[in-house]
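Each residue takes its place number in the sequence, starting with 1. It should be emphasised that the depicted structure is a prediction, and the values quoted were computed from it without experimental measurement.
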Amino acid sequence: DLSNPDAPTFSWSGASMQTRVDGTGLSIVLDGASEIWFQIEVDGALTGTFQTTGGMQTYPLATGLPQGPHDVRVIRRNEGFFGNVSFQGFEPAEGAALIESPTPHARAIEFIGDSITCGYGVEGPDEFCNFSGDTETVVATYAFITAENVGADAHFIAYSGKGVHQNYGGNTDELMPALYQRTLTGDAGSQWDFSSFTPDAVVINLGTNDFSAAIDGAAFSADYVGLLATVRQNYPAATIVAVTWAHWGAGNEDLVHDAVATFADPNVLETQFSIDGADGWGCDYHPSAVTHQKLGAQLTALLESELGW
């Protein structure tokens, strides 16, 4: 949200701030909700995390760096319902200075998903832990891995429990197609300007929550067609990838197949994801880090093949 250009506000997973500093250290100033986890990356390596404490605060990102230029990125690990945060600026250490930083990515991908794309429980020890902010991170997901593999900027429009036609358990409050329109997850009035970000590819990974309860298959397929139409209207040239999951069962996968066939757009692809239980689990039977790595490799190969990356 750029209504205050001096303090951009954000809520979606994976929102990031990046700069280049010439010197030995750097901090960031953030304002907003507490208990939101962020990832620190220095010169391409993940170096640590921090959790917001609420209000206007300064958080150290790096100290004792070798003299010279360093690229630093700060990435929001947690999803939108944790609250909004505004970026107030970077503060170089004494004797350091911010210097020109080139645009880091020439490609772009948008991911539309649920808890799997958010990284729910991915850093949990097993399937028996429950949700917590410290075990959720988009940085360990198939989506983030894919974007890094192909050198793409990425938007992660994802929210746990959400679906296309119905949410987890059959609830229909604020479905993903409605949330998809927002700049700030919890603010229905903050409508996103789709001309401000033009992805080369859009990956739709939805349906798991829809199929958690009894569902009207025809209505689901119709709503999926509607989502495809919205994405295509927003991005006329993008390659769209519709993800299905083997554990849904053939009947439910067919509902996505039917939607794609009905939409009849040659630039809409499908790919099937699967989970091998031997690769372990994250919290509440969500995919493990190993599974996400495998899925990231699979999606990377598909995009490289189809887009010539």
| Step by step, would you call Thr24 with Thr63 a side-chain contact (heavy atoms from CB on, under 4.5 Å)? | CA-CA 6 Å; Thr24 61; Thr63 59; over 6 Å; no
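- A continuous path of Ile, Leu, Val, Met, Phe, Trp and Tyr side chains, each step under 4.5 Å between heavy atoms, connects Phe197 with Val241, placing both in one hydrophobic cluster.
- For Gln166 (side chain) and Asp210 (main-chain N/O), a donor-acceptor pair under 3.5 Å exists by modelled atom type.
- The side-chain contact (heavy atoms from CB on, under 4.5 Å) check on Ala219 picks up His165, Asp216, with sequence neighbours excluded.
- In this structure, CD in Glu110 is found 7.5 Å from CG in Asn234, a value given to the nearest 0.5 Å.
- Between Cys118 and Phe156 the shortest side-chain heavy-atom distance does not fall below 4.5 Å.
- The heavy-atom pair separating Thr198 from Ala108 by the smallest distance is O-CB, 3.9 Å.
- Between the side chains of Glu79 and Ser160, at least one donor N or O sits under 3.5 Å from an acceptor N or O.
- Annotation: side chain of Asn205 is not in contact with side chain of Ile112 (no heavy-atom distance under 4.5 Å).
- Counting only residues at least two apart or on different chains, no salt bridge (Lys or Arg N to Asp or Glu O under 4.0 Å) pair has a member in residues 151-173.
- For the atom pair CD1 (Ile28) and OG1 (Thr58), the distance works out to 10.0 Å, reported to the nearest 0.5 Å.
- Trp37 and Thr137 form no side-chain donor-acceptor contact under 3.5 Å, judged by distance and modelled atom types alone.
- Evaluation of the ring-ring contact (aromatic ring centres under 6.0 Å, His included) rule for Phe10 yields no partner, not counting sequence neighbours.
- Cluster note: Leu175 groups with no other residue, as no ILVMFWY side-chain heavy atom lies under 4.5 Å from it.
- Residues His155 and Phe111 keep their aromatic ring centres 6.0 Å or farther apart.
- Taking CZ from Arg107 and CG from Leu307, the interatomic distance works out to 8.5 Å, rounded to the nearest 0.5 Å.
- If you run side chain to side chain donor-acceptor pair (under 3.5 Å) between Thr185 and each of Ser11, Ser13, Ser190, only Ser11 comes through.
- Thr53 pairs by the side-chain contact (heavy atoms from CB on, under 4.5 Å) definition with Gln57, Tyr59, not counting sequence neighbours.
- You'll find the ring centres of Tyr180 and Phe194 inside the 6.0 Å limit.
- The CG atom of Leu206 sits 6.5 Å away from the CG atom of Leu227 when rounded to the nearest 0.5 Å.
- Using modelled atom types and a 3.5 Å distance limit, the side chains of Thr9 and Asn84 yield no donor-acceptor pair.
- Among residue pairs with one or both ends in residues 113-125, those qualifying as side-chain hydrogen bond (donor to acceptor under 3.5 Å, both in side chains) are Arg77-Glu123, Ser115-His286, Thr117-Tyr142, Tyr120-Asp284; sequence neighbours excluded.
- The main-chain N or O of Gly226 is found under 3.5 Å from a side-chain atom of Thr230 such that the two form a donor-acceptor pair.
- Taking CG of Asp193 as the start and OG1 of Thr183 as the end, the distance is 8.0 Å to the nearest 0.5 Å.
- Ile275 and Tyr285 fall within the same hydrophobic cluster, where Ile, Leu, Val, Met, Phe, Trp and Tyr residues are linked whenever their side-chain heavy atoms come under 4.5 Å apart, directly or through other members.
- For the residue pair Glu253 / Thr244, a side-chain donor-acceptor distance below 3.5 Å is found, with atom types taken as modelled.
- When atom types are taken as modelled, the side chain of Asn78 and the backbone of Glu136 share a donor-acceptor pair closer than 3.5 angstrom.
- The CG atom of Asp6 lies 11.0 Å from the CZ atom of Phe87; values are rounded to the nearest 0.5 Å.
- Grouping the Ile, Leu, Val, Met, Phe, Trp and Tyr side chains by contacts below 4.5 angstrom, directly or via other members, places Ile109 apart from Ile145.
- Counting only residues at least two apart or on different chains, the salt bridge (Lys or Arg N to Asp or Glu O under 4.0 Å) pairs with a member in residues 290-309 are Asp279-Lys294.
- Note on Leu184: it does not cluster hydrophobically with Ile157, by side-chain heavy-atom contacts below 4.5 Å among ILVMFWY residues.
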| request: Tell me, with the steps shown, if Ser274 and Gln272 meet side chain to side chain donor-acceptor pair (under 3.5 Å). | output: CA-CA 7 Å; Ser274 63; Gln272 184 196 60; 5.5 Å; no
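- Under a 3.5 Å cut-off, the side chain of Trp309 and the backbone N or O of Leu303 do not form any donor-acceptor pair.
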| Asp187 and Arg182: salt bridge (Lys or Arg N to Asp or Glu O under 4.0 Å), yes or no, with the steps? | CA-CA 7 Å; Asp187 183 356; Arg182 300 180 183 178; over 6 Å; no
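- Contacts classified as disulfide (SG to SG under 2.5 Å) and involving residues 128-225 (residues at least two apart or in different chains) are given here: Cys129-Cys283.
- Looking at Thr52, its side chain does come within 3.5 Å of a backbone N or O of Ile36 through a donor-acceptor pair.
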| request: Let me see the working for Asn267 and Thr239 under side chain to side chain donor-acceptor pair (under 3.5 Å), right down to the final yes or no. | output: CA-CA 5 Å; Asn267 206 19; Thr239 296; 3.1 Å; yes
| field | Steps toward side-chain contact (heavy atoms from CB on, under 4.5 Å) verdict (Ile240, Leu228) | value | CA-CA 8 Å; Ile240 302 173; Leu228 290 171; 3.9 Å; yes
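- Residue Phe38 is grouped with residue Phe81 when hydrophobic side chains (ILVMFWY) are merged at heavy-atom distances under 4.5 angstrom, including chains of intermediate members.
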| task | Step by step, work out the side-chain contact (heavy atoms from CB on, under 4.5 Å) result for Val42 and Leu65. | result | CA-CA 10 Å; Val42 179; Leu65 295 173; 4.1 Å; yes
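- In this structure the side chain of His292 reaches within 4.5 angstrom of the side chain of Val122, judged on heavy atoms.
- Between Phe220 and Phe211, the gap from one ring centroid to the other is short of 6.0 Å.
- Partners of His105 by ring-ring contact (aromatic ring centres under 6.0 Å, His included), not counting sequence neighbours: none found.
- With 3.5 Å as the limit, one finds no donor-acceptor pair spanning the side chains of Trp245 and Asn252.
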| message | One pair to check against side-chain contact (heavy atoms from CB on, under 4.5 Å): Leu255 and Tyr224. What are the steps and the verdict? | response | CA-CA 9 Å; Leu255 297 177; Tyr224 203 103; over 6 Å; no
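- No hydrogens or angles considered: a donor-acceptor pair under 3.5 Å links the side chains of Thr271 and Gln298.
- Counting only heavy atoms from C-beta outward, the side chains of Asn167 and Thr172 never approach each other to under 4.5 Å.
- For the side-chain contact (heavy atoms from CB on, under 4.5 Å) test, residues two or more places apart in sequence or in another chain that qualify with Glu41 are Leu46, Arg73, Glu148.
- Listed by first and then second residue, the salt bridge (Lys or Arg N to Asp or Glu O under 4.0 Å) pairs involving residues 7-22 are Arg20-Asp71 (not counting sequence neighbours).
- Legend: residues meeting ring-ring contact (aromatic ring centres under 6.0 Å, His included) with His70, ordered by chain and number and at least two apart, are absent.
- In terms of modelled atom types and a separation under 3.5 Å, the side chain of Ser305 and the main chain of Leu302 share no donor-acceptor contact.
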